[in-house]
Amino acid sequence: MLRILSGIQPTGTLHLGNYFGMMRPSIALQDEGDAYYFIADYHALTSVHDPDLLRANVRGVALDFIACGLDPRRCCFFRQSDIPAHVELAWLLSTVTPMGLLERAHSYKDKVARGLDASHGLFAYPVLMAADILLYDSALVPVGKDQKQHLEMTRDIAQKFNDRYGNTFRIPEPRIGEETAVVPGLDGQKMSKSYHNTIEIFAEEKVLKKKVMGLVTDSTPVEAPKPVENSTILALYRLVASAADVQQMEQEFMNGGVGYGDFKKRLFGAIWEYFAPQRTRRAELERNPDEIDRILADGAARARQVADVVIERAREAVGLR
Ligand code: AMP
Ligand code: TRP
């Protein structure tokens, strides 16, 4: 059975980049193998320093993910910190990880440049991520393009461990969706919480509308034709509208005569409609708060069955048993 695994950090409200880059591909894969999806709360400690906020974020991500179609009966959905073996394996892996490998990581430099504390945890984060993946003998890891380097590091670390201790870990493959590799934000850069350019999946109607209307465009006058290439409006519209509606908008871009304001209104409408079923499901789930605890407890019990075997194999390999 194909083992699939991915994780998401509970660092805040989920946005369209998370949805199309990671959540939707993961949800689509849940029937194609034995899928494990987890909330990466150990990872989130590198940026969330308020314990109540972290707890609230974990619940929020769980609600969002299930509302978006993750089905805990068809995959194993759990919280990372329920399985402390992630941290133990990270230590074992850290002893085979060359410093140079970590020093080359883009995300550490990017995150420090954006103001995160330059802690050891942040620096060593790719090792914990490698542990997350290797602990489940994962074959396939669906993530957005920004995680590609982390996956390459995971493969390197696994190979180093296998070279030193004999064949212990399976080498995983990334799965990066072509069309949703990088979802642009309101300013055209990669959509990311730290760029303040996000469109949240579960924003209130008014808030969502205001955000979409604030999308940055060039200053082509209403009557003039508008560039189709590199248009953020079109890039987002392609994710949420039907092929016919997209074609229509592309045609109107090329013809001229319609202003960006109109296109943005249409984009807002399409986003709002796309997520309507998810909103309904989320509201239902919220009425039943114990359900999330039950789902995560059940997921942890199932995840532990796999993790216990692999961590034991790793301890054995290095001589701790
Ligand atoms: P983050 O919240 O940045 O830790 O991302 C969580 C997941 O969403 C990762 O798999 C990312 O690759 C994916 N992701 C985040 N932002 C984007 C984006 N703008 N486009 C595509 N995928 C994204
Ligand atoms: N690093 C990922 C992110 O920031 C989250 C993550 C942690 C992850 N561990 C993982 C993703 C293992 C896939 C597999 O989005």
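Atoms within each ligand, like the ligands themselves, are counted from 1 in listed order. This one's a predicted model, so the numbers in the text were calculated from it and none came from an experiment.
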Exercise. Any idea how Phe253 and Tyr260 line up, ring-wise: parallel (<30°), tilted (30 to 60°), or perpendicular (>60°)?
Worked result: perpendicular
Problem set entry | Closest approach of Asp31 to Arg74 (non-hydrogen atoms, all atoms of both residues) | OD2-NH2, 2.7 Å
Seminar exercise, completed: atom 21 (C) of ligand 1 sits nearest the protein heavy atom Ala181 O, 3.2 Å
Exercise. Looking at Lys190, which atoms of ligand 1 are within less than 4.0 Å of one of its heavy atoms?
Worked result: 16 (N), 19 (N)
Exercise. Considering only the protein, which heavy-atom contact is closest to atom 6 (C) of ligand 2, and what is its distance?
Worked result: Gly7 O, 3.8 Å
Exercise. How about Thr198 and Glu200: does a side-chain donor come under 3.5 Å of a side-chain acceptor?
Worked result: yes
For this session: Can you pull out the closest protein heavy atom to atom 4 (O) of ligand 1? Residue, atom name and distance to 0.1 Å, please.
Result: Gln9 NE2, 4.3 Å
Seminar exercise, completed: When distances are taken from atom 14 (N) of ligand 1, the protein heavy atom at minimum range is Gly17 O, 3.6 Å
For this session: Determine, for Phe202 and Arg282, whether the Lys NZ or Arg CZ falls below 6.0 Å from the six-membered ring centre while staying within 45 degrees of the axis.
Result: yes
Exercise. Can an N or O of Met191 be found at a distance shorter than 3.5 Å from an N or O of ligand 1?
Worked result: yes
For this session: Among all protein heavy atoms, pick the one closest to atom 15 (O) of ligand 2 and tell me residue, atom and distance.
Result: Gln147 NE2, 3.4 Å
Exercise. Can any side-chain N or O of Arg175 pair as donor or acceptor with the backbone N or O of Pro142 at less than 3.5 Å?
Worked result: no
For this session: Over 60° means perpendicular and under 30° means parallel, so classify the ring planes of Tyr165 and Phe161, tilted if in between.
Result: tilted
Seminar exercise, completed: closest protein heavy atom to atom 1 (N) of ligand 2 is Tyr125 OH, 2.3 Å
Exercise. Would Phe20 and Tyr274 satisfy ring-ring contact (aromatic ring centres under 6.0 Å, His included), going step by step from the backbone distance to the final call?
Worked result: CA-CA 12 Å; Phe20 288 104; Tyr274 186 95; 5.6 Å; yes
Problem set entry | Distance-only N or O hit between ligand 1 and Val182, under 3.5 Å | no
For this session: Give yes if a backbone or side-chain nitrogen or oxygen of Asn18 is under 3.5 Å from a nitrogen or oxygen of ligand 1, and no if not.
Result: yes
Problem set entry | Numbered atoms of ligand 1 (with element) below 4.0 Å of His15, judged on heavy atoms | 16 (N)
Exercise. Are Arg55 and Asp41 ion-paired here, with the side-chain N under 4.0 Å from a carboxylate O?
Worked result: no
Problem set entry | Distance from atom 12 (C) of ligand 2 to nearest protein heavy atom, with residue and atom | Ile133 CG1, 3.7 Å
For this session: Please work out whether any backbone atom (N, CA, C, O) or any side-chain heavy atom from C-beta onward of Asp146 is under 4.0 Å from ligand 2, and answer side chain, backbone, both or neither.
Result: neither
Problem set entry | Part of Phe38 within contact of ligand 2 (heavy atoms, under 4.0 Å) | side chain
For this session: Classify the angle between the aromatic ring planes of Phe123 and Tyr108 as parallel (below 30°), tilted (30 to 60°) or perpendicular (above 60°).
Result: perpendicular
For this session: Verify the ring-centre separation between Tyr136 and Phe78: is it less than 6.0 angstrom?
Result: yes
Problem set entry | Nearest neighbour in protein (non-hydrogen) for atom 7 (C) of ligand 1 | Met22 CB, 3.6 Å
For this session: Using distance alone, decide if ligand 1 has a nitrogen or oxygen within less than 3.5 Å of any nitrogen or oxygen in Val143.
Result: no
Exercise. Among protein heavy atoms, which lies nearest atom 9 (N) of ligand 2, and at what distance?
Worked result: Asp132 OD2, 2.7 Å
Exercise. Which heavy atom of the protein is the closest neighbour of atom 20 (N) of ligand 1, given with residue, atom name and distance?
Worked result: Val183 N, 2.8 Å
Seminar exercise, completed: Counting heavy atoms under 4.0 Å, the part of His43 that contacts ligand 2 is side chain
Problem set entry | Ser6 vs Met23 side-chain heavy atoms within contact, under 4.5 Å | no
Problem set entry | Heavy-atom closest pair, residues Gln30 and Ala35 | CA-CB, 4.0 Å
For this session: Number the atoms of ligand 2 from 1 as they appear, then name those within less than 4.0 Å of a heavy atom of Val141, with their elements.
Result: 13 (C), 14 (C)
Problem set entry | Under 4.0 Å to a heavy atom of Gly21 - the qualifying atoms of ligand 1, by number | 21 (C), 22 (N)
For this session: Could you tell me whether Ser6 and ligand 2 have an N or O pair separated by under 3.5 Å?
Result: no
For this session: Determine, using ring centers only, whether Tyr36 and Phe77 are less than 6.0 Å apart.
Result: no
Exercise. Do other residues, nucleotides or ligands put more than 12 heavy atoms under 6.0 Å from the CD atom of Glu273?
Worked result: no
Problem set entry | Shortest protein contact, atom 3 (O) of ligand 1 (heavy atom only) | Asp146 OD2, 4.2 Å
For this session: List every atom of ligand 2 that sits less than 4.0 Å from any heavy atom of Val143, numbering the atoms from 1 in the order shown and giving each element.
Result: 11 (C), 13 (C)
